[in-house]
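Structure record follows, encoded as structure tokens.
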Amino acid sequence: MPEDRFLSVVFFIGECTFKTEMPANVMNRGLVPYIKSFRELIVSAEEASLALGYLTGLRNDPTLTRRAHLQSLESRHASTTVCPKCGKALVVRTARSGKNAGNSFLGCSAYPKCKYTKSL
């Protein structure tokens with residue numbers, strides 16, 4: 001499905017206090033009213049059924065374990081050639097301003113769409 005069909009929400013369970021203002025989709029209370037506030041249908045019943053079938057298949061895949069997931073994350077974030085956020089190439093860049101001016105770092109080649117950076 002295209003990305004514009006997805007609406008993200010981040011919900012913190014338990015006692016927590018936000019130290020700064022959070023966007024409307026980041027919350028620690030009011031999840032159900034937030035979800036119910038969306039009234040426009042963005043996927044058809046057929047698309048929802050296809051997505052459910054796909055997710056059910058993933059749930060039943062014996063190779064998708066917590067250990068495999070953690071290894072995948074470790075591998076992605078250890079890479080010096082591929083952006084762990086979007087999969088595009090990482091390129092060497094030089095900071096032009098700020099306290100790191102003149103220092104080299106790895107940055108995503110998809111910048112400004114992806115702003116991932118990694119110290120060298």
Side-chain angles (χ1 to χ4, degrees):
M1 278 191 215
E3 284 185 34
D4 65 350
R5 301 280 186 94
F6 293 90
L7 301 172
S8 64
V9 63
V10 177
F11 185 74
F12 291 88
I13 296 173
E15 293 293 320
C16 69
T17 304
F18 298 131
K19 294 183 180 185
T20 61
E21 188 72 24
M22 292 291 123
N25 66 329
V26 178
M27 62 194 73
N28 60 358
R29 65 180 73 80
L31 179 63
V32 172
Y34 177 76
I35 292 171
K36 287 183 175 182
S37 73
F38 295 97
R39 309 303 297 161
E40 181 183 341
L41 292 177
I42 55 177
V43 294
S44 68
E46 182 180 318
E47 290 171 318
S49 179
L50 287 171
L52 180 60
Y54 179 74
L55 292 172
T56 300
L58 289 175
R59 181 187 297 158
N60 296 330
D61 185 338
T63 66
L64 298 177
T65 63
R66 177 180 169 83
R67 175 178 281 169
H69 174 63
L70 293 175
Q71 287 174 339
S72 170
L73 288 174
E74 188 175 302
S75 173
R76 270 194 351 220
H77 285 273
S79 175
T80 58
T81 58
V82 178
C83 176
K85 285 180 70 178
C86 72
K88 302 284 186 188
L90 291 176
V91 294
V92 177
R93 300 186 186 277
T94 303
R96 295 186 210 170
S97 60
K99 65 179 182 177
N100 293 317
N103 293 339
S104 295
F105 64 96
L106 292 174
C108 184
S109 60
Y111 180 85
K113 187 174 181 179
C114 177
K115 294 180 171 65
Y116 178 81
T117 62
K118 182 176 186 171
S119 299
L120 285 175

Quiz item: When clusters are formed by joining ILVMFWY residues with side-chain heavy atoms under 4.5 Å apart, either directly or through shared neighbours, do L90 and V92 land in the same one?
Solution: yes
Practice problem: Please check if F11 and I35 belong to a single hydrophobic cluster, counting links between Ile, Leu, Val, Met, Phe, Trp and Tyr side chain heavy atoms closer than 4.5 Å. | Solution: yes
When you measure from the side chain of [X] to the backbone N and O of [Y], does any donor-acceptor pair fall under 3.5 Å?
X	Y	answer
K118	H77	yes
S104	T94	no
K88	Y111	no
R76	K85	no
S37	Y34	yes

Quiz item: Is there a side-chain contact (heavy atoms from CB on, under 4.5 Å) between R59 and L55 once you walk through the steps?
Solution: CA-CA 6 Å; R59 181 187 297 158; L55 292 172; over 6 Å; no
Does a side-chain heavy-atom distance below 4.5 Å link [X] with [Y]?
X	Y	result
L106	T80	yes
S44	E47	yes
P84	Y116	yes

Between [atom1] on residue [X] and [atom2] on residue [Y], distance to nearest 0.5 Å:
X	Y	atom1	atom2	result
S75	L70	OG	CG	12.5 Å
L120	R93	CG	CZ	12.0 Å
S119	N100	OG	CG	7.5 Å
F38	L7	CZ	CG	5.0 Å

Name every donor-acceptor pair, under 3.5 Å, that has one atom in a side chain of residues 16-33 and the other anywhere in the protein, sequence neighbours excluded.
{"unit_1": "N25", "atom_1": "ND2", "unit_2": "S8", "atom_2": "O", "d": "3.3"}
{"unit_1": "N25", "atom_1": "ND2", "unit_2": "S8", "atom_2": "OG", "d": "3.2"}
{"unit_1": "N28", "atom_1": "ND2", "unit_2": "C16", "atom_2": "O", "d": "3.1"}

Quiz item: Do you know which two heavy atoms are closest between S109 and V91, and how far apart they sit?
Solution: CB-CG1, 4.2 Å
Practice problem: Could you pull out the closest heavy-atom pair between R5 and M1, with the gap in Å? | Solution: CB-SD, 4.4 Å
Show me the donor-acceptor pairs within less than 3.5 Å that the side chains of residues 60-67 make with the rest of the protein, sequence neighbours left out.
{"unit_1": "N60", "atom_1": "ND2", "unit_2": "T56", "atom_2": "O", "d": "3.2"}
{"unit_1": "D61", "atom_1": "OD1", "unit_2": "T63", "atom_2": "N", "d": "2.8"}
{"unit_1": "D61", "atom_1": "OD1", "unit_2": "T63", "atom_2": "OG1", "d": "2.7"}
{"unit_1": "D61", "atom_1": "OD2", "unit_2": "T63", "atom_2": "OG1", "d": "3.4"}
{"unit_1": "T65", "atom_1": "OG1", "unit_2": "A68", "atom_2": "N", "d": "3.1"}

